Amino acid sequence: MLVGIVGKPNVGKSTFFSAATLIPVEIANYPFTTIKPNRGIGFIRTPCVCREFQVQDNPVNSVCINGTRLVPVELIDCAGLVPGAWEGRGLGNQFLDEIRKADALIHVVDASGGTDLEGRAVKLGSHDPAEDVRFLERELTMWMYQIIYKVWPRLSRTAESGRARLTALIEERLSGLSIRKHHITEALRKTGLDRDKPTGWSKEDLIRFIDEIRKASKPMLLAANKIDLPKAEENVARLKELGYKTIPCCAEAELALRRAAEKELISYKAGDDDFEILKPEALTDGQRRALENMRERIQHKFGSTGVQEAINKAFFELLNMVTVYPIEDLEHLSDHKGNVLPDVYLVPKGTTARELAYKIHTELGESFVYAYEARSKRRIGEDYELKDRDVISIISAKKRA
Ligand SMILES: Nc1nc2c(ncn2[C@@H]2O[C@H](COP(=O)(O)OP(=O)(O)OP(=O)(O)O)[C@@H](O)[C@H]2O)c(=O)[nH]1
Ligand SMILES: [Mg+2]
C-alpha cells in the first residue's frame, strides 16, 4: 500500500515528507520546488503488544521504542498540482502520473491561506483553502475522465452488446491507476446509473460516475498545514466542514523535532505531545526558545504536530489496515530463532488467518492447518478474520510432520 502526499505547490508537501522519512529533500518558499517525486519510507505508530504480554521484544521488521511500535510504510511526495493540470498545465500529467500507484492521499493544504491556487505567496488569510480541496477533487476526477472518455462510446457499446462486462472493461481501461473492480461496483451503486444501458449515460453521468470511482479508489484526508501561522485555526474549522478527516498540522515543527531527535539533542518520537531536552549545553538560546515554542504552541495546543497522526489515519482509517504479529512459538511469542514479537504485518481489515500465512510465505499458506491467537490461546481456523494487534501462531502441515 502506497500513500501519496499531494496538493498545490508550496504548501509543505516536501517538508511533511522529509519530517516523516528523514530523507533530506528540497524545500523552498516558491512553487514547483519538487519536480521529480520523492519516494521513501515513513512509519505508522501503534502501541506494541509487548507491554500487554509483558515481554521484552526483539523487533526485526519494525522498531519498538518504549512500548511504541513503528512499522515502515511507503510514502511518495508529489510535485505540486495547479488548476488545469489534467489538460497539461503546470507539470500537468507528469504530476498526475505519480499518483497512479497511490492507494490513498494525504492532501496537504496551506491552512494559513497565505498561498494562492498556484502556490504563490499572498497576504496571510487572503486565500480560501477550501477552494484548494475542491480544485484537487476536480483535477483528479477530470484526469481519470480524460483517460476514459475517448474510448467510452466503443466501450459502452461493447458492454451493451454483452461481449464483455462493463466493470471488467472499465477496470482494464483504468488499470495502472490502482483502481479495482470493487471501486467500480461501488461507484455504480452510489450513482444508481443503469449498468445495462451505459450508451445512454450523458457526459455529466459519466463524470459523476468517475468522481465516485475517484472517491473509492483514492480516499483522501486533509493535513491542514502551517497551523503555526495566524488565520490557520479559523480555516481548519471551515476545512472540517468539507467532510474530510482534517488534521491540524505543522510539518515544519515535526521536521525540526525529528532532526533534533536524530542528533540526540532531544528525546522525541514522531507523534508525541512533548519532548525532553537531552543535551541543553549543545543548544543555543535561540534553538531552545524555538523548541519551547513548538512545545507550547503546537504540541500542547493540538496534541502533536499532526504529521504522524495524518499518516496513521491514512493507513488505519482510509485504507482500513490492521496490525498483526505473526510468531512461531506460542509460549515465548517468538520466531524459531527466539526473537520475541519480531514482526508486524500491516494487512487490510478482513484478512483471514490463511491469507496472512500466504503473505508470510506461499508455502506456509499452502500447508496451513490451523492457527492460535495468543491472547486467548484459542485455536482458530483458516477463515478467522484478523483483528488489530492480534498475535498469531500458524501451524502448518510441514511443522506438524
Ligand atoms: N510556517 C510554516 N511554514 C511551512 C510549514 N511547512 C512547510 N512550510 C514552508 O512552506 C514552504 C514550502 O514548503 P515545501 O515543503 O517546499 O512545499 P511543497 O508543497 O513541497 O512545494 P512544491 O514542491 O513547490 O510543490 C517552505 O518555505 C517551507 O519551509 C509549516 O508547518 N509552517
Ligand atoms: Mg515539494
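Atoms within a ligand are numbered from 1 in the order they appear, just like the ligands themselves. Treat the numbers as computed from the prediction; the structure is a model and nothing was measured.
For the pair K8 and ligand 1, the shortest N or O to N or O distance does not fall below 3.5 Å. Taking distance alone, with nitrogen or oxygen atoms compared against 3.5 Å, F32 approaches ligand 1 more closely than that limit. Among the atoms of P9, none of the N or O lies under 3.5 angstrom from an N or O of ligand 1. Where the criterion is an N or O separation shorter than 3.5 Å, residue side chain and backbone included, E26 fails it with respect to ligand 1. Considering backbone and side-chain atoms alike, V11 places an N or O below 3.5 Å from some N or O of ligand 1.
Within the protein, the number of N, O or S atoms lying under 2.8 Å from the Mg ion (ligand 2) is 2.
Shortest contact from atom 17 (O) of ligand 1 to any protein heavy atom: G12 N, 3.0 Å. Summary of contacts: the protein heavy atom closest to atom 6 (N) of ligand 1 is N225 ND2, 3.2 Å. At the top of the distance list for atom 18 (P) of ligand 1, counting protein heavy atoms only, stands K13 N, 3.5 Å. From the protein, the heavy atom lying nearest to atom 15 (O) of ligand 1 is T15 OG1, 2.6 Å. In this structure, the protein non-hydrogen atom closest to atom 29 (O) of ligand 1 is E252 OE2, 2.8 Å.
R120 forms no cation-pi arrangement with Y30, by the criterion of a distance under 6.0 Å to the ring centre and an angle within 45° of the ring axis.
Within the structure, the closest approach of G119 to ligand 1 does not fall below 4.0 Å when heavy atoms are considered.
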ring-ring contact (aromatic ring centres under 6.0 Å, His included) between Y372 and Y370, intermediate numbers included: CA-CA 7 Å; Y372 282 105; Y370 58 89; 5.7 Å; yes

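Using a 4.5 Å heavy-atom threshold, the side chains of L265 and I277 count as separate. Side chains of R195 and T185 form a contact here, defined as non-hydrogen atoms less than 4.5 Å apart.
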